[in-house]
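Take a look at the structure set out below.
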Amino acid sequence: MSSRFDSVPAVRDGLQKVDYLADEGIAGVVYLADRLGKPVLVEGPAGTGKTQLAKSVAESTGARLIRLQCYEGLDEAKALYEWNYKKQLLRIQAERVERDAGAKNWDEVSDDIFSEDFLLSRPLLEAIRAEEPVVLLIDEVDRVEIETEALLLEILSDFQVSIPELGTVTANQIPLVFLTSNNTRELSEALKRRCLFLHIDYPSMEREREIVLTKVPDIAESLADQVARIVRTIRQIELKKAPSVSETLDWARTLVLLGVAQISEAEAVDTLHVLLKYQTDIQKAAKELASGGSQWKKS
Ligand SMILES: Nc1ncnc2c1ncn2[C@@H]1O[C@H](COP(=O)(O)OP(=O)(O)OP(=O)(O)O)[C@@H](O)[C@H]1O
Ligand SMILES: [Mg+2]
């Protein structure tokens with residue numbers, strides 16, 4: 001199997017070039033997954049860059065991203081493949097017309113309506129059949145019923161799909177697979193066993209500052225610094241929903257739009273609704289910020 005990355009630092013650099021800032025842990029697991037040909041199960045709080053990781057790995061390696069968005073009720077027909085019934089039916093009707101007109105005999109072999117021509121590939125089969133390098137993202141896998149997880153097992157361990165009418169389709173190249181989960185339910189042991197595990201938590205203050213600087217155009221370093229520090233303070237409070245990286249970015253963009261150079265307590269409190277989505281959280285954070293004080297001084 002050809003590898004996409006030479007080393008852990010190469011993963012970090014590659015991702016950084018496409019604006020994804022990975023820490024050592026993230027880069028290490030991606031490197032191993034590539035080397036071992038194993039899927040990665042990425043878990044962690046909302047908005048910490050789980051989905052983006054798969055997208056960025058695809059971008060940095062020039063691979064095509066194939067995404068299976070999971071939801072309750074997702075089935076084989078939407079995840080793997082289905083037969084194009086309409087086309088099959090039309091073919092059967094066309095043959096009947098030909099026979100009735102005497103153009104064809106009944107003993108002439110009809111086209112096999114369970115052949116490639118009538119198959120509709122869904123994301124999992126598409127990833128297996130791809131000729132070019134692909135990254136397969138199975139997003140929010142915890143949303144499917146536990147029984148549906150079984151659909152994934154053959155793909156994740158053998159990189160193949162069995163189609164009763166056609167036989168087994170085996171991958172031409174081993175796709176790099178990322179499964180993401182918000183942990184809304186426990187995943188099956190069988191699924192976990194097949195994957196490397198990666199927990200992505202909120203970034204360190206330094207990394208979040210770098211993410212802000214990378215993702216928010218025109219932001220001053222001192223403002224990015226202050227944003228990262230205040231967000232860290234707020235995450236330490238007991239909240240219903242801690243601010244995610246995406247909310248940090250929204251907040252930073254808001255402050256830039258408002259022309260803020262140095263955040264005052266009043267400006268922070270006035271814009272907390274960008275960062276927090278529960279009124280009780282906003283009140284708690286406002287109180288904490290008022291009692292703090294140190295973060296309002298210049299660094
Ligand atoms: N390490 C990072 N480097 C650059 N951008 C990041 C990083 N982490 C998060 N982001 C940014 O945060 C945003 C949210 O990331 P993403 O959608 O991947 O979160 P998620 O973990 O999949 O969340 P959810 O669980 O809600 O699906 C993205 O727009 C991404 O640009
Ligand atoms: Mg996501």
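All ligand and atom numbering here is 1-based and tracks the order in the structure. The residues of the chain are indexed from 1 along the displayed sequence.
- Near Lys215, meaning under 4.0 Å from any of its heavy atoms, are these atoms of ligand 1: 4 (C), 5 (N), 30 (C), 31 (O).
- Distances from ligand 1 to the non-hydrogen atoms of Asp19 include at least one value under 4.0 Å.
- If you chain together hydrophobic residues whose side chains sit under 4.5 Å apart, Val18 and Ile211 never meet in one group.
- Comparing heavy-atom distances from atom 9 (C) of ligand 1 across Pro203, Ser56, Ser181, Gly49 singles out Gly49 as nearest.
- For ligand 1 and Ser246, the ligand atoms under 4.0 Å from any heavy atom of the residue are 12 (O), 13 (C), 14 (C).
- Of all protein heavy atoms, the one closest to atom 22 (O) of ligand 1 is Thr51 OG1, 2.8 Å.
- Judged purely by distance below 3.5 Å, without hydrogens or angles, the side chains of Thr214 and Asp19 never pair a donor atom with an acceptor atom.
- Checking side-chain atoms of Tyr20 against main-chain N and O of Gly49 turns up a donor-acceptor pair under 3.5 Å.
- For ligand 1, the polar-atom distance check against Leu53 finds no nitrogen or oxygen pair separated by under 3.5 Å.
- Among protein heavy atoms, atom 3 (N) of ligand 1 sits closest to Leu21 N, 3.0 Å.
- Formation of a donor-acceptor pair under 3.5 Å by the Arg209 side chain with backbone atoms of Ala224 is not found in this model.
- Here the side chain of Arg235 pairs a donor or acceptor atom with the backbone of Pro243 at under 3.5 angstrom.
- A side-chain donor-acceptor contact under 3.5 Å links Gln173 to the backbone of Glu132.
- Using a 4.0 angstrom heavy-atom cutoff, Glu140 counts as in contact with ligand 1.
- Residue nearest to atom 18 (O) of ligand 1, selected from Arg207, Gln16, Gln52, Glu43: Gln52 (by heavy-atom distance).
- In this structure, atom 21 (O) of ligand 1 lies nearest to the protein heavy atom Lys50 NZ, 2.7 Å.
- Close approach of ligand 1 to Asn182 (heavy-atom distance below 4.0 Å) involves ligand atoms 25 (O).
- For ligand 1, the polar-atom distance check finds an N/O of Gly47 within less than 3.5 Å of one of the ligand's N/O atoms.
- The Mg ion (ligand 2) has Thr51 among its coordinating residues (N/O/S atom, backbone or side chain, under 2.8 Å).
- Looking at Arg12, its side chain never comes within 3.5 Å of a backbone N or O of Val8 through a donor-acceptor pair.
- Glu59 and Ser56 form no side-chain donor-acceptor contact under 3.5 Å, judged by distance and modelled atom types alone.
- With hydrogens and angles disregarded, no donor-acceptor distance shorter than 3.5 Å links the side chain of Ser121 to the backbone of Tyr81.
- Side chain of Lys284 to main chain of Glu238: a donor-acceptor pair is present (N/O by atom type, distance under 3.5 Å, no hydrogens or angles).
- Every atom of ligand 1 with a heavy atom of Leu249 under 4.0 Å away is listed here by number and element: 11 (C).
- Residue, atom and distance of the protein heavy atom nearest to atom 10 (N) of ligand 1 are Val245 CG1, 3.8 Å.
- Shortest contact from atom 6 (C) of ligand 1 to any protein heavy atom: Ile211 CG2, 4.0 Å.
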